[in-house]
Structures are given as C-alpha cells and as structure tokens.
Student: 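Dropping a structure here in structure tokens format, bear with me for questions.
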Amino acid sequence: MPIPLFNSIASWLLKKRFHQIELFLKYPAEVQQEVLEQLLEIAEDTEIGRRYGYTSIENYEEFRARVPINAYEDAEPLIERSRRGEQNIFWPTAIKWFAKSSGTTNAKSKFIPVSTEALEDCHYKSSKDLLCLYLNNNEDSQLFTGKSLRLGGSKELYEDNGTFFGDLSAILIDNMPFWAELSSTPSNKVSLMSEWESKMKAIIQESIQENVTSLAGVPSWMLVLLNNVLEETGKEHLFEIWENLEVYFHGGVSFKPYREQYDKLLPRKNFRYYEIYNASEGFFAIQDRNNAEDLLLMLDYGIFYEFIPMDRYGTEEQQAIPLWEVEIGKNYAIIITTNAGLWRYKIGDTVRFTSTDPYRIQITGRTKHHINVFGEELIIENAEKALEQICRETGSQIKDYTVAPIFMSGKEKGAHEWMIEFRKPPERMSDFTRSLDKALKALNSDYEAKRYNNMTLNMPTIHIARENLFYDWLKSKDKLGGQHKIPRLSNDRAYLDELLQMNR
C-alpha cells in the first residue's frame, strides 16, 4: 500500500475512536461505575470472587467495604500460584504472561499478571489512543509517512511452568500485530536483545537508515541513545539525520530535568512533546493537548480507579475514595482494580488532579520515594521543579541524581545529601546549592519550616558524580535498559552509600 494512502486510512480509523473518548469525557462517573460492574461480573466465579462475594456486590460502597486494599506483597502468594499454572484464581481467562518489574532498582522482582484483555483493551488500545489524540490536535501530521523509533527495556521472554515472564515491552512486542512492526524501528529482533550496549549499537545501525517521524521511550535512556546517534553520525542535531521527525512520546520519569537538553538536540519550535503514563500494571493517562503539562485520565481501559489522600495515607484514617470524589490540587495515592485481576492494588504512584472536567492529572511521585525523615515531606515533584528552575538560572544541565537523608547524630542536625551527575556543571557549586535550597523552601512549606534557622535541617550537601557513575551503578546490578530508573528520593541511605563508594 502506498505510504500516503496508508497515512490517510490510519488517520481516519484513529480519529473514529475520538468519538468514544468523548463519551467518558461527558459521563466519567457512569463509565467508571460500569467498568467496576463489568470487572465484578466477569470475575465472580474466580477464587477471589467467591471469597469476597462478588455476585452480591451491588455498588461501589459495598465493594469498598468488602475487598481490602493490598500491595504486591499481599497479592504475591496468589500470583505465584498463577505463575505455576493454576488458573481462575483472580481472573477467569488464562494468565499466560507476567511483566517482570522491580519498580526502580530493588533486588526483588515483581511479576505483574497480564491478561489477554489487558493487552487488547488497555495496552494496545492506549497506543491507538495516543495516536488518535495526537492526530486530533495536529491535522497536518505526517506521522505515518515514516517510522517510530521505539526504545524499550525489552529482554527476551522466559518460559516457566507454561507461563512466560519478561519486561512488559517484550510481552507487547511478542503479541503485537505484524503491521505494528512495519511502522516501527528497530526490528523486533533488535528490540528484544538482552545485552544493552550491543543493543544500543544495533538500534543505531538500523534506525539511522530509516525515515523516523517519531520517538518513543523513557527520557533518560532515550537521551543516551540520541547522543550516541549524533556521535556515530557526526551530525549536530537530529533533524540532519531524520528530517521529518515531528514528535517525541515520553514517559517513565519526569521530563523536566531533560527538556533543555532535548531542545538542543531537536532545535525546532514546532517540534512536539507528548507525555504518557503507563506501568507494568496498566496504561493510565495520555497528554491530550499540545504543550500541556497534565494528562487525561483514560477511563475505559478496564481499570477502575480509587485514590487515597496522601495526608491520610498509612494512617488509621486512611480511606480510598472513587474518582467522582477527588478534589483539584490534592495529592493522592492511586489504587487500581484491573482486567488482569489486580483488585484494589496500590501501584505506589502519587498524582494531583489539575481538572475534574475532564479528569486530568499530574504525576507527583511515588508513595515510597520521598523524604520525610524530619517531617519535611519532600516529594519528587518538588525536587524536579527546583532543579529545572536552578538549571535554567545557572545554565547547568543534569544527567541523573538521587537524594538521601543525613540522619541526626548527637548534637548534629540532619540534612539532605544529593549525588548529581551533571552533563554541564554550574560555574560555582556553592551558588547552585544555595539556589536549590531557596527553591525547595519556596516549593515546600514543610521543608522551609525544618530549614528555618537550621532548626532541624542544615543546608543540603551536594556531591558531583563522576561521569557515567549512575550508568556504571545500574550496570553493576544488571539494570541497564529503558525500563530501569534511578531512585530519586529515599528515606534511607542504601542507594546513596553505594554510589558514594563507587564515586571515589
């Protein structure tokens, strides 16, 4: 089929979906209630369904009262039984695939169940919706005249007791329709290579020959790839290689610390950035407007959402609320019930609603990845915004970072200790440190209170990481690749102490 004709047909099909999206934009509560009813009905004869009496649950209030909120550790015994081949435990259709995930760099792996329904009605549907929303906003797009350069963390799938496990991206590639590979680069064979450094070279060799019109992947790892592309080709920017490149679809980590570096690699004012929010557990939200800083929560993917206000998270007053009770500006932990058999499951992410008509969110961090040793409640969003501001003021560029507490000892007060790997360091680190402290105070009143007159916290300590410190650290843990992330904030010193040792 000629490319212009394919472009027209694909655009027409994807835009048809927009009318369905408009349905949940108009009737969000009704759509979410219908999702919950369908999930309960489908799973009523499973082991979990019989345990909690799904057949007699008539509304959300009964669901909330009967079914407990759980974390991976609670669900793990049932998941392990499913991995050994038992069926109909938490979902009625066969669970053949498990997305292996460690969250950040924890040693213990999680095995998230992936059903056929989750593949078709969530992951693949979301990929089409991403394109649908993008094309709806950019009618002059020539996206389908070329290929998408995708960068996942894929490793090959492994079989165990008749089930398969691996990175989610490997599961998606293994099951995607043949036409999807035709519109992507690199090939599935290269995408599934397990050795990261060899894979990087193979991606470059395949992709520089293609007409790439879009990029898709985690910002930190995509930046490594793109810089290697420029080094290999000797070009100054990416449009010298891919003239028709028009959009970068990104997710996984905050884009803010990397935006300035991408602007230099992609020096066109009309180049577009689109954010997505997905995880091994599901695909949740998509940027639905050009240049927006929030994401549209997708409500018809077979996922029912609940939210716990973070000011009550982990306390005796903790209670989840449905979507229709959330408030703009509050920080919430997300609880999901899915068409892969996760029931009231804590995924560990926190979000803030920017709008309730329609429901749009910003990702604010992780329930576990924050620092609250001294009552300062520092979250990732605070750190990212402060760094973005200070880098702009000082002309510096950050490659990676992590933060941990310095605990009080005797008369010594506490502090925050930062390890930052700069792509371009500031001229004076003392100015950078003072400016960062000032920005954090402006963004977080709890941090400001603890820093007042050095009452509880001293000035932050910042270490400059040697080149490739974080890369070498991940490599030492066999964690290279697009799915693995640097833990930004931590309440303990485990990550930082390892990095300090390697930085000597």
Side-chain angles (χ1 to χ4, degrees), residues 20 24 30-101 110-126 157 159-166 168 170-172 174-177 278-284 298-306 320 322 334-347:
Q20 296 173 308
F24 74 69
E30 291 83 352
V31 168
Q32 274 285 280
Q33 287 170 331
E34 183 178 351
V35 167
L36 178 60
E37 290 170 7
Q38 290 174 346
L39 292 172
L40 290 169
E41 182 179 353
I42 291 170
E44 62 185 15
D45 289 327
T46 62
E47 182 177 319
I48 284 289
R50 293 190 297 270
R51 179 186 300 177
Y52 297 113
Y54 283 3
T55 54
S56 60
I57 293 179
E58 296 185 355
N59 52 49
Y60 169 69
E61 285 69 26
E62 290 183 8
F63 174 71
R64 178 168 60 182
R66 288 192 203 178
V67 183
I69 292 172
N70 65 99
Y72 182 80
E73 292 73 20
D74 305 308
E76 185 177 26
L78 297 182
I79 291 174
E80 284 303 303
R81 285 173 52 197
S82 182
R83 287 188 65 211
R84 292 195 295 268
E86 286 189 59
Q87 298 297 341
N88 205 42
I89 300 173
F90 42 77
W91 192 248
T93 61
I95 302 290
K96 301 177 184 177
W97 305 284
F98 294 85
K100 185 179 179 182
S101 168
K110 299 178 182 178
F111 294 89
I112 306 300
V114 180
S115 66
T116 301
E117 293 86 349
L119 281 177
E120 295 297 333
D121 299 332
C122 182
H123 293 290
Y124 291 143
K125 186 176 181 179
S126 62
L157 289 173
E159 185 174 2
D160 186 21
N161 295 310
T163 61
F164 299 86
F165 68 90
L168 175 64
I171 295 171
L172 296 177
D174 193 57
N175 288 279
M176 70 170 49
N278 67 328
S280 298
E281 293 88 351
F283 201 115
F284 311 125
M298 307 302 287
L299 305 181
D300 62 350
Y301 287 174
I303 298 175
F304 179 76
Y305 294 98
E306 297 175 89
I334 304 180
I335 309 299
I336 59 172
T337 293
T338 77
N339 52 5
L342 296 176
W343 297 95
R344 307 198 78 200
Y345 179 87
K346 295 189 290 187
I347 62 173

Student: What's the shortest heavy-atom distance between T337 and R344, and which atoms?
Tutor: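 For T337 versus R344, the nearest heavy atoms are OG1-N, 2.9 Å.
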Student: Return the minimal non-hydrogen interatomic distance between Y301 and S126, and the atom names on each side.
Tutor: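 Nearest heavy atoms, Y301 then S126: OH-CA, 3.2 Å.
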Student: Evaluate whether atom CD of E58 has more than 12 neighbouring non-hydrogen atoms of other residues, nucleotides or ligands under 6.0 angstrom away.
Tutor: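 Incorrect, the count does not exceed 12.
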Student: Taking all non-hydrogen atoms of both residues, which atom of F111 and which atom of F165 are closest, and how far apart?
Tutor: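 Looking at all heavy atoms of both residues, the closest pair is CE2-CD1, 3.6 Å.
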Student: My understanding is that only residues two or more places apart in sequence, or in another chain, count here; which of them pass side-chain contact (heavy atoms from CB on, under 4.5 Å) with F24?
Tutor: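 F24: side-chain contact (heavy atoms from CB on, under 4.5 Å) contacts with R17, I21, V31, L296, M298, L299, D300.
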Student: For side chain to side chain donor-acceptor pair (under 3.5 Å), just list the numbers for Y60 and E306, CA-CA rounded to whole Å, side-chain angles, deciding distance to a tenth of an Å, and then say yes or no.
Tutor: CA-CA 10 Å; Y60 169 69; E306 297 175 89; 2.5 Å; yes
Student: Report yes or no: do E37 and Q33 form a side-chain donor-acceptor pair below 3.5 Å?
Tutor: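 There is no such pair (donor and acceptor under 3.5 Å, judged by atom type) between the side chains of E37 and Q33.
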Student: Please name the pair of heavy atoms, one in P113 and one in I95, separated by the smallest distance, quoted to 0.1 Å.
Tutor: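 Smallest heavy-atom distance, with atoms named: CB-CG2, 3.9 Å.
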Student: Pick out which of I171, I112, L168, L172 makes a side-chain contact (heavy atoms from CB on, under 4.5 Å) with W97.
Tutor: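 Among I171, I112, L168, L172, the one that satisfies the side-chain contact (heavy atoms from CB on, under 4.5 Å) with W97 is I171.
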Student: How close do S56 and R66 get, counting heavy atoms only, and between which atoms?
Tutor: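 Smallest interatomic distance, heavy atoms only, reads OG-NH1, 2.8 Å.
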Student: Describe, in one word, how the ring planes of W343 and W91 are oriented to each other, choosing from parallel (under 30°), tilted (30 to 60°) and perpendicular (over 60°).
Tutor: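 Correct class here is tilted.
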Student: Does atom CD (E80) have a neighbourhood of more than 12 heavy atoms from anything else shown, all under 6.0 Å?
Tutor: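 Yes, enclosed.
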